[in-house]
Amino acid sequence: MQTRAPAEPEVREFTAAVVDIDDRTVTLDRTYFYAESGGQPADRGTLGGIRVVDVQKDGDGVAHTLATAPEFEVGEEVTGIIDDDFRTYCMRAHTASHLLYGAGRRVLDDLGYGGFDISEEKVRVDFTTTTDIDDETLVELERLTNRAVWESRDVSWEEVPTEEAIDREDVAFNTKTEEGVMDDADTVRIVEVEGWDVAACGGTHVANTSEIGPVTVLDRSNPGEGLTRVEFAVGPDGVDRRATQHRALRESAAALETNTDDLAATAAAIRSERDELRDRVRELERAAVADAIDGFETVEKDDTAWRLGTLDGVDTNDAGEAAKDAVGDAEVIVAVGDEERPYVVVAAGTDSDVHAGDVIDDLTDVYGGGGGGGPPFAQGGGLDASPAEVLDEIRDWESAE
């Protein structure tokens, strides 16, 4: 027979007759151990004093896998004891998933059920929805879920004819994840949270939402196309996570010399100020580089003015952009990085008749490194020479044309 756990989830101890033993696997004439199904893990506990390590559906029966081979025999009566803490946690977690889905009914468009899973640390519910579940929506889902807990709504379950259940638009179905709910059966088990949610479900649930306790939404993710996964915690983990969040909130407010109510606005103002300061610093840095280039040595080569010099603490990209901005139509700017293996950037004006790429090619032929570019701009790096040696080479450089 199938487990009686979904119908009578409050049972924690029972006796049953052993009908089959296969090494460590035991089948009973009846059981209240929940068999792993639809995202809810198998119950823990003992059977005949031996630890139960797994419970699975096996055809029309339930297979209990024990930690060791039993000493009892077929036909004997044995006592099953279900781990109260873990069963209670699963009941609360499973019912909380219905509340979260019910909250989704109220704030998400084109809602569908995509999956469910309980682990020891957290619970997940997968939604299909066209709504973008952003931070504000996530907080609203949490708020509505906890309101449903606080409102002490009754939770009930019953078997209804399959056709009747399928015809009901208010029933959430997921035949893939809710194993055994459909299974070509004549009836479907419907779980209803009074005035909040209705779903086809074969799991164990509390009798009233007030038994769930606080629900703390942890995060959201996208596990697959069209799916949004929302993870939450119930019980001690949820309480601890909420305390951690509260502590972090208050510490952040104290660090910013504000209160928790004004924290978001204060943080946004500080971020805006930071961005403005960062932009201002960048402007000053660009102005400093431009000033440095303006002060470069000027060398006349073939009636073209070459401005040469070194830049200290300026990266290649910034040096290149500054050189391109500063170069005149009839001049060449060469900036050399003041470092152990310097870079070189060359910007050549359109009327200078100088090919910037040729300058870089000749320098890398002499000093190694790499680089390249076209007529108006080129750059190289990793030269095996001092900045002074590179500048001397450029002063002596002559076009091969």
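Both backbone and side-chain heavy atoms feed into the values below; hydrogens, waters and symmetry mates do not. Worth saying up front: this structure is predicted, and the values here are computed from it rather than measured.
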Any [X] side-chain heavy atom under 4.5 Å of [Y] side chain:
| X | Y | answer |
| --- | --- | --- |
| I190 | V198 | yes |
| V359 | L363 | yes |
| I360 | V346 | yes |
| T187 | V160 | no |
| L28 | V78 | yes |
| E142 | N146 | yes |
| V345 | V334 | no |

Practice problem: May I ask you to decide if the ring planes of W397 and W306 are parallel, tilted or perpendicular, using 30° and 60° as cut-offs? | Solution: tilted
Any chance [atom1] of [X] has more than 12 other-residue heavy atoms, nucleotides or ligands included, within less than 6.0 Å?
| X | atom1 | answer |
| --- | --- | --- |
| R229 | CZ | yes |
| E257 | CD | no |
| E136 | CD | no |
| D275 | CG | yes |
| R105 | CZ | yes |
| R278 | CZ | yes |

Atom pair [atom1]/[atom2] of [X] and [Y] - distance to nearest 0.5 Å:
| X | Y | atom1 | atom2 | value |
| --- | --- | --- | --- | --- |
| E339 | T310 | CD | OG1 | 10.5 Å |
| D83 | R51 | CG | CZ | 11.0 Å |
| F14 | E8 | CZ | CD | 11.0 Å |
| I133 | F127 | CD1 | CZ | 6.0 Å |
| T46 | I81 | OG1 | CD1 | 4.0 Å |
| Y34 | R87 | OH | CZ | 9.5 Å |

Determine whether a donor-acceptor pair (N or O, by modelled atom type, separation under 3.5 Å) exists between the side chain of [X] and the backbone of [Y].
| X | Y | value |
| --- | --- | --- |
| K324 | F377 | no |
| S352 | G349 | yes |
| T216 | R241 | no |
| R153 | T209 | no |
| D29 | A16 | no |
| S272 | A268 | no |
| E331 | G328 | yes |
| T27 | V19 | no |
| D302 | T304 | no |

Salt bridge present between [X] and [Y] (N-O < 4.0 angstrom):
| X | Y | result |
| --- | --- | --- |
| D318 | R286 | no |
| D384 | R341 | yes |
| R307 | E297 | no |
| D279 | R282 | no |
| E140 | R106 | no |
| E10 | R4 | no |
| E151 | R147 | yes |
| D135 | R220 | yes |
| E231 | R124 | no |
| D240 | R242 | no |

Quiz prompt | Derivation and outcome, side-chain hydrogen bond (donor to acceptor under 3.5 Å, both in side chains), residues T130 and D109 | solution = CA-CA 6 Å; T130 56; D109 296 326; 4.7 Å; no
So, [X] and [Y]: side-chain donor and acceptor under 3.5 Å apart, yes or no?
| X | Y | answer |
| --- | --- | --- |
| T204 | H94 | no |
| Q379 | T316 | no |
| T137 | D134 | yes |
| D58 | Q56 | no |
| N208 | S210 | yes |
| S97 | R92 | no |

Ignoring hydrogens, what is the shortest heavy-atom contact between [X] and [Y]? Give both atom names and the distance.
| X | Y | result |
| --- | --- | --- |
| A378 | G373 | CB-CA, 3.7 Å |
| F232 | V217 | CB-CA, 3.9 Å |
| Y367 | A385 | CD2-CB, 3.4 Å |
| I21 | F72 | CD1-O, 3.3 Å |
| I293 | A323 | CD1-N, 3.8 Å |
| P342 | G337 | CB-O, 3.0 Å |

Self-check item: Pair Y101 and Y113, ring centroids less than 6.0 Å apart
Solution: yes
Exercise. Check step by step if side chain to side chain contact (heavy atoms under 4.5 Å, CB included) holds for I118 and Y89.
Key: CA-CA 10 Å; I118 297 174; Y89 167 70; 3.7 Å; yes
Exercise. Take T260 and H246 through the test side chain to side chain contact (heavy atoms under 4.5 Å, CB included) and record every step on the way to the result.
Key: CA-CA 9 Å; T260 55; H246 191 195; 5.7 Å; no
Exercise. Please lay out, stage by stage, how E120 and R44 fare under the test salt bridge (Lys or Arg N to Asp or Glu O under 4.0 Å).
Key: CA-CA 12 Å; E120 292 188 36; R44 302 168 182 176; 2.6 Å; yes
Practice problem: Mind running side chain to side chain contact (heavy atoms under 4.5 Å, CB included) on L100 and V215 for me, showing each step along the way? | Solution: CA-CA 9 Å; L100 183 65; V215 177; over 6 Å; no
Quiz item: Taking it one step at a time, do K122 and D237 satisfy salt bridge (Lys or Arg N to Asp or Glu O under 4.0 Å)?
Solution: CA-CA 8 Å; K122 58 188 177 182; D237 283 341; over 6 Å; no
Quiz item: What do the steps show when you test T131 against V107 for side chain to side chain contact (heavy atoms under 4.5 Å, CB included), and what is the final call?
Solution: CA-CA 8 Å; T131 301; V107 299; over 6 Å; no
